[in-house]
Visitor: 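Structure incoming, see below.
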Amino acid sequence: MANVGHRYTAYVLALRPWSFSASLTAVTLGTALAYRVVTTVDVFILIVCAVTVVAVHGAGNVVNTYYDFLNGIDDKSSDDKTLVDRILEPQDMVRFEFFLYILGCLCCIGLCLLSPLKSEHLALMYIGGLASSFLYTGGIGFKYLALGDVLILLTFGPLIVMFAYSVQVGHMSITPLLYAIPLVLNTEAILHSNNTRDMESDRQAGTVTLSILIGPTFSYMLFDLLLFVPYIIFCILACNYAVSMALPLFSLPMAFSLERQFRTRNYVNIPQETAKLNLVLGLSYSFAIILSPPLSEL
């Protein structure tokens with residue numbers, strides 16, 4: 001019985017639930033933007049949308065674990081030792097990722113029935129997200145070609161925010177993509193901190209990431225930009241649009257703490273800590289949007 005419980009725990013750990021802040025905050029922001037346009041939100045659509053996004057995100061994490069193990073990147077020093085310690089077998093991970101993708105597809109079909117958005121537009125965005133989650137390490141393996149950051153920038157922010165916004169209002173718009181910029185920069189900081197921490201193991205395995213290409217010093221500079229540029233944007237929005245946009249500034253102490261950790265190369269838990277900042281910043285940003293004037297121009 002204990003062994004069964006241990007396996008279930010391994011499945012949960014393979015999902016890397018700490019990383020779900022990246023997708024859930026994007027869903028929250030897209031929904032908040034929709035609320036400021038239509039002044040109402042369908043809670044059931046919101047829940048199905050969130051499950052869809054988390055299922056695909058979780059599947060992408062499982063694909064990542066599988067291919068990192070297959071390519072010899074994960075070892076005893078890795079965060080995720082699910083396959084390294086043989087708690088689960090590779091075929092278990094394949095079945096798990098298949099289950100998660102099926103769950104995401106079923107939820108997407110549900111959204112097609114529930115949402116006023118045209119089914120072809122909804123399906124196009126969903127397929128784009130599904131393909132991105134797989135191709136990050138599977139298939140082409142953008143992560144291994146120093147293109148993972150580009151994929152994350154496009155997916156964990158613009159695509160998810162647009163998806164969550166559109167299923168509520170029934171149409172697509174360019175403006176949610178602009179509002180997604182602060183959040184996507186902060187989300188990219190999670191990936192960048194993870195890749196910087198894993199530079200040596202990635203290099204030994206023959207993987208090429210942006211962190212490896214630019215080295216520790218420039219990685220630190222890039223991390224600072226990803227951390228603090230969103231706060232500059234929030235200050236501009238607070239001064240020129242609505243004072244509520246200053247709410248995310250309360251998370252600044254967390255950002256300065258992360259900056260110190262990165263500067264001293266204390267990388268051990270920095271991806272998880274950056275994900276916590278992402279959650280606080282994303283939720284406060286969404287709440288600031290809800291308190292702001294109606295976005296009729298969307």
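Because only heavy atoms are used, hydrogens play no part in the values below, and waters and symmetry mates are left out as well, while side chains stay in. On a predicted model such as this, the values are computed, not experimentally measured, just so you know.
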Visitor: Judged by atom type as modelled, is there a donor-acceptor pair below 3.5 Å linking the side chain of Ser257 to the main-chain atoms of Pro253?
Guide: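 The answer is no, because no donor-acceptor pair under 3.5 Å joins these two groups.
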Visitor: Using only atom types and a distance under 3.5 Å, with no angle test, would you say the side chain of Arg36 pairs donor to acceptor with the backbone of Ser292?
Guide: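 Such a contact is found between Arg36 side chain and Ser292 backbone.
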Visitor: Rounded to the nearest 0.5 Å, what separation is found between the CD1 atom of Ile47 and the SG atom of Cys107?
Guide: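 With rounding to 0.5 Å, CD1 (Ile47) is 11.0 Å from SG (Cys107).
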Visitor: For Tyr241 and Pro293, indicate whether the former's side chain and the latter's backbone hold a donor-acceptor pair under 3.5 Å.
Guide: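 Such a contact is found between Tyr241 side chain and Pro293 backbone.
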Visitor: Sort out for me which residue in Thr196, Leu222, Leu191, Leu147 forms a side-chain contact (heavy atoms from CB on, under 4.5 Å) with Leu210.
Guide: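 So, applying the side-chain contact (heavy atoms from CB on, under 4.5 Å) to Leu210 and each of Thr196, Leu222, Leu191, Leu147, only Leu222 qualifies.
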Visitor: Tyr101 and Phe134: side-chain contact (heavy atoms from CB on, under 4.5 Å), yes or no, with the steps?
Guide: CA-CA 10 Å; Tyr101 279 133; Phe134 179 79; 3.5 Å; yes
Visitor: Which is it for Thr25 and Tyr285 under the side chain to side chain donor-acceptor pair (under 3.5 Å) test, yes or no, and what are the steps along the way?
Guide: CA-CA 9 Å; Thr25 52; Tyr285 184 26; over 6 Å; no
Visitor: The test is ring pair (Phe, Tyr, Trp, His ring centres under 6.0 Å); show your working for Phe218 and Phe223 and say whether it passes.
Guide: CA-CA 8 Å; Phe218 285 107; Phe223 185 72; over 10 Å; no
Visitor: Would you confirm whether Asp92, through its side chain, and Glu89, through its main-chain N or O, come within 3.5 Å as a donor-acceptor pair?
Guide: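 Yes, because the side chain of Asp92 sits within donor-acceptor range (under 3.5 Å) of the backbone of Glu89.
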Visitor: Side chains of Gln91 and Phe96: does their closest heavy-atom pair fall under 4.5 Å?
Guide: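 Answer no - side chains too far apart.
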Visitor: Just checking, is any N or O donor in the side chain of Ser132 or Thr155 under 3.5 Å from an acceptor N or O on the other one?
Guide: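 Result is yes, a qualifying pair exists.
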Visitor: Apply side-chain contact (heavy atoms from CB on, under 4.5 Å) to the pair Cys105 and Leu130, showing each step before the final yes or no.
Guide: CA-CA 9 Å; Cys105 289; Leu130 186 150; 4.2 Å; yes
Visitor: To the nearest 0.5 Å, what is the distance between CG (Leu24) and OG1 (Thr31)?
Guide: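 Separation between the atoms: 10.5 Å.
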Visitor: Side chains of Val27 and Leu46: closer than 4.5 Å at any heavy-atom pair?
Guide: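 Yes, at least one pair of side-chain atoms sits under 4.5 Å.
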Visitor: So, the side chain of Ser251 versus the backbone of Pro248: is there a donor-acceptor pair under 3.5 Å, distance only?
Guide: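 Indeed, once roles are kept as given, a pair shorter than 3.5 Å links the two residues.
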Visitor: For Phe228 together with Phe256, are the ring centres under 6.0 Å from each other?
Guide: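 They qualify: ring centres under 6.0 Å apart.
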Visitor: For residues Val161 and Ile233: do they belong to one hydrophobic cluster (side chain heavy atoms under 4.5 Å, members Ile, Leu, Val, Met, Phe, Trp, Tyr)?
Guide: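 Hydrophobic grouping puts Val161 with Ile233.
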Visitor: How far apart are the closest heavy atoms of Asn194 and Arg197, and which atoms are they?
Guide: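 For Asn194 and Arg197, the tightest heavy-atom pair comes out as OD1-NH2, 2.8 Å.
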Visitor: Going by heavy atoms in the side chains, are Val63 and Ser133 under 4.5 Å from each other?
Guide: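 In short, these two side chains do not touch, never coming nearer than 4.5 Å.
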Visitor: Quick one: does Tyr35's side chain get under 4.5 Å of Val38's, heavy atoms only?
Guide: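 The answer is no, as the side chains (C-beta and beyond) never meet within the 4.5 Å cut-off.
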Visitor: More than 12 non-hydrogen atoms from neighbouring residues, nucleotides or ligands closer than 6.0 Å to OH on Tyr267, yes or no?
Guide: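 More than 12 within 6.0 Å, yes.
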Visitor: Please give me the minimum heavy-atom distance between Ile212 and Met199, naming the atom from each residue.
Guide: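 Heavy atoms of Ile212 and Met199 come nearest at CD1-O, 3.8 Å.
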Visitor: Is Leu106 isolated, or which residues cluster with it under the ILVMFWY side-chain rule of less than 4.5 Å, directly or via members?
Guide: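 Via sub-4.5 Å side-chain contacts, Leu106 links to Phe98, Ile102.
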Visitor: Any heavy-atom pair between the side chains of Val268 and Gln261 that's under 4.5 Å?
Guide: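 Gln261 vs Val268: side chains apart.
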Visitor: Out of the candidates Val51, Leu117, Leu122, only one should pair with Leu111 under the side-chain contact (heavy atoms from CB on, under 4.5 Å) rule; please name it.
Guide: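 Answer after filtering Val51, Leu117, Leu122: Leu122.
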Visitor: Look up atom OG1 in Thr209 and atom CG in Asp202, then write down how far apart they are to the nearest 0.5 Å.
Guide: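 If we round to the nearest 0.5 Å, Thr209:OG1 and Asp202:CG are 5.5 Å apart.
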Visitor: Between Pro17 and Leu13, what is the shortest heavy-atom contact and its length?
Guide: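 In this case the closest contact between Pro17 and Leu13 is CD-O, 4.3 Å.
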Visitor: Work out which heavy atom in Gly129 is nearest to a heavy atom in Val56; give both atom names and the distance.
Guide: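 In this case the closest contact between Gly129 and Val56 is O-CG1, 3.8 Å.
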Visitor: Just so I know, are the side chains of Phe234 and Leu247 near enough to count as touching, which here means a heavy-atom distance under 4.5 Å?
Guide: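 Not in contact.
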Visitor: Would the distance check show the side chain of Thr207 and the main-chain N or O of Arg203 forming a donor-acceptor pair, the cut-off being under 3.5 Å?
Guide: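 No; zero donor-acceptor contacts below 3.5 Å.
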Visitor: Please walk me through it: do Phe163 and Tyr126 pass ring pair (Phe, Tyr, Trp, His ring centres under 6.0 Å)?
Guide: CA-CA 8 Å; Phe163 186 71; Tyr126 174 75; 7.0 Å; no
Visitor: Taking side chain as C-beta onward, heavy atoms only, is Leu183 less than 4.5 Å from Thr187?
Guide: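 Yes, side chains in contact.
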Visitor: Would you say the side-chain atoms of Ser211 pair up with the backbone N or O of Ser219, donor to acceptor, closer than 3.5 Å?
Guide: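 A pair under 3.5 Å: no.
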Visitor: Roughly how far, to the nearest 0.5 Å, is the OG atom of Ser21 from the NE2 atom of His57?
Guide: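 OG of Ser21 is found 8.0 Å from NE2 of His57.
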Visitor: Indicate if Ile109 and Met125 have the same hydrophobic cluster label, given that clusters are the connected sets of ILVMFWY residues with side-chain heavy-atom separations under 4.5 angstrom.
Guide: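 Shared cluster, no.
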Visitor: side-chain contact (heavy atoms from CB on, under 4.5 Å) between Leu100 and Leu15: does it pass, once the steps are laid out?
Guide: CA-CA 10 Å; Leu100 290 168; Leu15 287 171; 3.6 Å; yes
Visitor: Indicate the atoms forming the closest heavy-atom contact of Met245 with Ala238, along with that distance.
Guide: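 Smallest heavy-atom distance, with atoms named: CB-N, 3.7 Å.
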Visitor: Say you draw a straight line from CZ of Phe99 to OH of Tyr11; how long is it, rounded to the nearest 0.5 Å?
Guide: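 Separation between the atoms: 11.0 Å.
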Visitor: Is there any salt bridge (Lys or Arg N to Asp or Glu O under 4.0 Å) pair reaching into residues 236-262, and which pairs are they, with sequence neighbours excluded?
Guide: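 Matches after skipping sequence neighbours: Glu259-Arg263.
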Visitor: Side-chain heavy atoms nearer than 4.5 Å, only ILVMFWY residues, links allowed to pass through others: does that put Val280 and Tyr231 together?
Guide: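 Val280 and Tyr231: one cluster.
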Visitor: Quick check: is Val41 connected to Ile290 through a chain of hydrophobic side chains (ILVMFWY, heavy atoms under 4.5 Å apart)?
Guide: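 In one cluster with Ile290: Val41, yes.
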Visitor: Would Asn64 and Arg16 count as a side-chain contact (heavy atoms from CB on, under 4.5 Å) if you check the C-alpha gap in whole Å, the side-chain angles of each, and the deciding distance to 0.1 Å?
Guide: CA-CA 10 Å; Asn64 190 2; Arg16 303 178 193 177; 3.0 Å; yes
Visitor: Between the main-chain N or O of Ile45 and the side-chain N or O of Asp42, is there a donor-acceptor pair closer than 3.5 Å?
Guide: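 Yes.
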Visitor: Using the salt bridge (Lys or Arg N to Asp or Glu O under 4.0 Å) criterion, which residues pair with Lys118? Sequence neighbours excluded.
Guide: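 Per chain and number, Lys118 pairs via salt bridge (Lys or Arg N to Asp or Glu O under 4.0 Å) with no residue.
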Visitor: Would a single hydrophobic cluster contain both Leu103 and Val12, if residues Ile, Leu, Val, Met, Phe, Trp and Tyr are joined by side-chain heavy-atom contacts under 4.5 Å?
Guide: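 No, because Val12 and Leu103 fall into different hydrophobic clusters, even though each may have its own neighbours under 4.5 Å.
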Visitor: Does a side-chain heavy-atom distance below 4.5 Å link Met172 with Tyr165?
Guide: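 In short, these two side chains do not touch, never coming nearer than 4.5 Å.
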Visitor: Checking Asn240 side chain against Ile236 main chain: does a donor-acceptor pair fall under 3.5 Å?
Guide: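 Yes, because the side chain of Asn240 sits within donor-acceptor range (under 3.5 Å) of the backbone of Ile236.
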Visitor: Could you report the tightest heavy-atom contact between Ala32 and Ser286, atom names first, then the distance?
Guide: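 So the two residues come closest at CB-O, 3.5 Å.
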Visitor: Any donor-acceptor pair under 3.5 Å linking the side chain of Ser244 with the backbone of Ala288?
Guide: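 Yes.
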Visitor: Atom CG of Asn61 and atom OG of Ser19: how far apart are they, to the nearest 0.5 Å?
Guide: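 Those atoms lie 4.0 Å apart.
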